[in-house]
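Data block below; observations after.
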Amino acid sequence: MATKLPLFRPITLYPPPHFAAKPRLIAALSFSANSPLSFSYGPSLHKGHSPLPLESPIPTSPSLDEAAFTRVFDISALRVPSAICSTLENRLRGHLLNWPRVRNIARVPGDEIDDEIRSILPQADELEDESLVALNRRVYGRAEGDGEQLNAVLYRDKLARTFNSIGYARFRNLAKMSRPKKGKLRDGGEKRVVKGVRRGGAALVEVVELSDGEDLRGLLGEDAPRQQKWRGPTRLLLLDERYFDKSIEELPQAIKVVFEEYDRQHARSAFELVKCKLTLFYDYWQLNEILEALLPKGMIVPSSFETVGHIAHLNLKDEHLHYKHLIAKAVLDKNKPKIQTVVNKVDSIQNDYRTMQLEVLAGNNSLVTTLVENGIQFHVDLAAVYWNSRLATERQRLLSCFTKSDVVCDVFAGVGPIAISAAKKVKYVYANDLNPCAVDYLEKNCVLNKLERKIQVFNMDGRRFIETVFACQKAQPITQVVMNLPQDAAEFLDSFKGLFHGLNLGKGCTLPRIHVYGFSKAQDPEFDFHERIRIALSEVAFDVQMHRVRLVAPGKWMLCASFVVPERVVYCRRG
């Protein structure tokens, strides 16, 4: 006879790893399993059903309603002894649920032993028989109940024997260990409690119905003894969703073979078919799934963003601005605790300091953060300085071109992503920026990474800095020049015209190698950028190596041109 369990008994899954809409959007999140929008396999917000009552009012606040993303799915499960659960999971892998981020094995707290049998079993203090007590006294000199507690090793051994005997163990100080901690509510809000549901993870399984009166007699024959309930701990193997409305006789032959194999070897029944409800909460769904449900059909989902320390930097399009707070809330929820602030660029960069106008959409309002790039720490204030994490690969490529004997001149250094990284490798670095706030952070980052003795910092205009550092007799001969200001860097190249005129440097002087960055929307971006460099230097014949850094916008490339400045340029007479 199948065992009766209380309906809607909560079952906790082994914890998986982590993770106002418009009124019509909230209502549109509920679809039946037979909906034409349902996916063929796997969980989806368009499948299952919502536990919210249909007559409940739809929230009109601009905040994201997490309860609207709760989905309930009807599934079946095999209740099996825990000792053979892992083996059966491997054998039946193709017939189990196999949903992403949901374990196939669920556990029922307290089902390790039935209440009807608990009364006839010996209590925990009666498990130690006289022979075992005598053996402990002979081997260890004492036993449980002799006036002192067992040491840690003996205590663990006793717990193991107790658990193997009755399926559970009584721990010391269990009440103190299991007492819930007092939690603080944020923003003075009320703590939401879902009756009968434990919100410890992203998924929950509840037993709905047992196979009352149905056993395996049809498989083993009418002469087989009637099945009896088993003892000991059990687990649930969640079956594939297509087996929800199937009886035992309708299950695949592979499952039936396993049934027969184990039940012929044991006097008691080892399996039971149960009906369950699998609930997936807001924490289960990934960012793209949440945004696809929130945004109108056909709208591009802005699931990618730049990460700067604890800040997520979005570049939302005009069509997304109406939903910007919903998008930011979803990004913040799905990337905690790493992301604590979500911002969006309000306008394009149009000032001389290359700072961005940012709007905080979610999280705290702090735009001062600390990040690590290539093993180097940087303090950054996105409200006052410029930073682009997507150029980390390009900065690493550029650093690979330097040697330990180089002297680097960084004309537009910012907070020092190139200058400080180069200082760990090259002989010396001259770093400059026009933004006083960027220079302040550049000096702080030099001290933070203990490189202040290898970097000299300037706060000048780019042209004046080039003229000053090359004309200074005390300056070390510069071999590498970095000009990372793609919007205007090519216009500063005329500063090298006649730079060495009148200086007695000798014919063996090493001319600096320039790395200049720029944007191009031309059909042939390399040719277009090369032409702008030749015009700025008033020179025709010299070799230039072009490198495409990245596509910053449709049809707009960021390029890096590397070349040794021609002698005719630096030694010519200035007009």
Side-chain angles (χ1 to χ4, degrees), residues 11-54 56 58-59 64-77 93-106 194 197-206 208 236-246 275-304 320 323 326-327 329-336:
I11 300 174
T12 305
L13 285 174
Y14 289 102
H18 273 304
F19 300 72
K22 279 190 172 182
R24 64 179 183 86
L25 294 178
I26 294 291
L29 290 179
S30 298
F31 291 89
S32 65
N34 298 325
S35 170
L37 297 177
S38 299
F39 293 89
S40 58
Y41 181 78
S44 169
L45 285 168
H46 302 295
K47 298 172 62 176
H49 60 276
S50 174
L52 296 177
L54 296 179
S56 61
I58 299 174
L64 189 149
D65 185 14
E66 298 182 6
F69 293 90
T70 302
R71 288 294 174 273
V72 180
F73 301 87
D74 297 323
I75 59 174
S76 295
R93 177 71 67 177
H95 301 285
L96 300 182
L97 195 61
N98 293 325
W99 278 4
R101 307 182 301 280
V102 175
R103 288 292 304 272
N104 291 323
I105 302 176
V194 182
V197 176
R198 296 179 59 185
R199 295 298 305 274
L204 180 78
V205 175
E206 297 173 299
V208 177
L236 291 180
L237 290 179
L238 307 182
L239 294 177
D240 190 89
E241 54 184 331
R242 64 179 181 271
Y243 301 142
F244 164 69
D245 54 351
K246 304 292 184 181
K275 303 296 183 181
C276 301
K277 291 174 62 176
L278 172 62
T279 306
L280 301 181
F281 300 103
Y282 172 78
D283 294 338
Y284 172 84
W285 307 106
Q286 292 185 333
L287 177 61
N288 61 325
E289 297 171 319
I290 295 292
L291 294 182
E292 285 178 0
L294 284 175
L295 301 180
K297 184 177 180 180
M299 181 179 292
I300 298 176
V301 176
S303 57
S304 62
H320 298 139
Y323 310 94
L326 295 175
I327 296 174
K329 179 64 166 57
V331 171
L332 184 65
D333 291 342
K334 296 304 174 181
N335 293 276
K336 285 183 178 179

Heavy atoms only: give me the nearest [X]-[Y] pair and the separation to one decimal.
X      : Y      : answer
Val331 : Asn335 : O-ND2, 2.7 Å
Asp283 : Ala202 : C-CB, 3.8 Å
Pro302 : Leu291 : O-CD1, 4.0 Å
Leu97  : Leu239 : CD1-O, 3.5 Å

>> If the condition is ring pair (Phe, Tyr, Trp, His ring centres under 6.0 Å), which residues does Tyr243 pass it with, not counting sequence neighbours?
In response: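 With sequence neighbours excluded, Tyr243 shows a ring pair (Phe, Tyr, Trp, His ring centres under 6.0 Å) to no residue whatsoever.
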
>> Testing the 3.5 Å rule here: is there a donor-acceptor pair between the side chains of Asp333 and Tyr282?
In response: yes

>> If you apply the rule side-chain contact (heavy atoms from CB on, under 4.5 Å), what do you find for Ile290 with Gln286, and how did you get there?
In response: CA-CA 6 Å; Ile290 295 292; Gln286 292 185 333; over 6 Å; no

> When you measure from the side chain of Trp285 to the backbone N and O of Leu45, does any donor-acceptor pair fall under 3.5 Å?
Replying inline: no

Please enumerate all residues that pass side-chain hydrogen bond (donor to acceptor under 3.5 Å, both in side chains) together with [X], with sequence neighbours excluded.
X      : result
Asp240 : Arg242
Asn98  : Asn104
His320 : none

Rounded to the nearest 0.5 Å, what's the gap from [atom1] on [X] to [atom2] on [Y]? Could you check?
X      : Y      : atom1 : atom2 : value
Tyr284 : Thr70  : OH    : OG1   : 13.5 Å
Ser44  : Trp99  : OG    : CH2   : 9.5 Å
Ser76  : Leu236 : OG    : CG    : 11.0 Å
Asn288 : Ser304 : CG    : OG    : 11.5 Å
Leu237 : His95  : CG    : NE2   : 12.5 Å
Leu287 : Ile327 : CG    : CD1   : 9.0 Å

> Should the pair Lys47 and Phe73 be classed as cation-pi, given the thresholds of under 6.0 Å to the six-membered ring centre and 45° from the axis?
Replying inline: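 No, Lys47 and Phe73 do not form such a contact.
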
> Taking the side chain as C-beta and beyond, is there a heavy-atom pair between Asp74 and His49 under 4.5 Å?
Replying inline: yes

> After noting the C-alpha distance and the side-chain angles of Val205 and Leu238, does the key distance pass the side-chain contact (heavy atoms from CB on, under 4.5 Å) rule?
Replying inline: CA-CA 9 Å; Val205 175; Leu238 307 182; 4.2 Å; yes

>> With a 4.0 Å cut-off on N to O distance, would you call Arg101 and Glu289 a salt bridge?
In response: yes

>> Any salt bridge linking Lys329 with Glu66? Criterion: basic side-chain nitrogen under 4.0 Å from a carboxylate oxygen.
In response: yes

> Can you check side-chain contact (heavy atoms from CB on, under 4.5 Å) on Ile75 and Lys275, steps first, answer last?
Replying inline: CA-CA 6 Å; Ile75 59 174; Lys275 303 296 183 181; over 6 Å; no

> Could you walk me through whether Tyr323 and Leu295 pass the side-chain contact (heavy atoms from CB on, under 4.5 Å) check?
Replying inline: CA-CA 8 Å; Tyr323 310 94; Leu295 301 180; 3.7 Å; yes

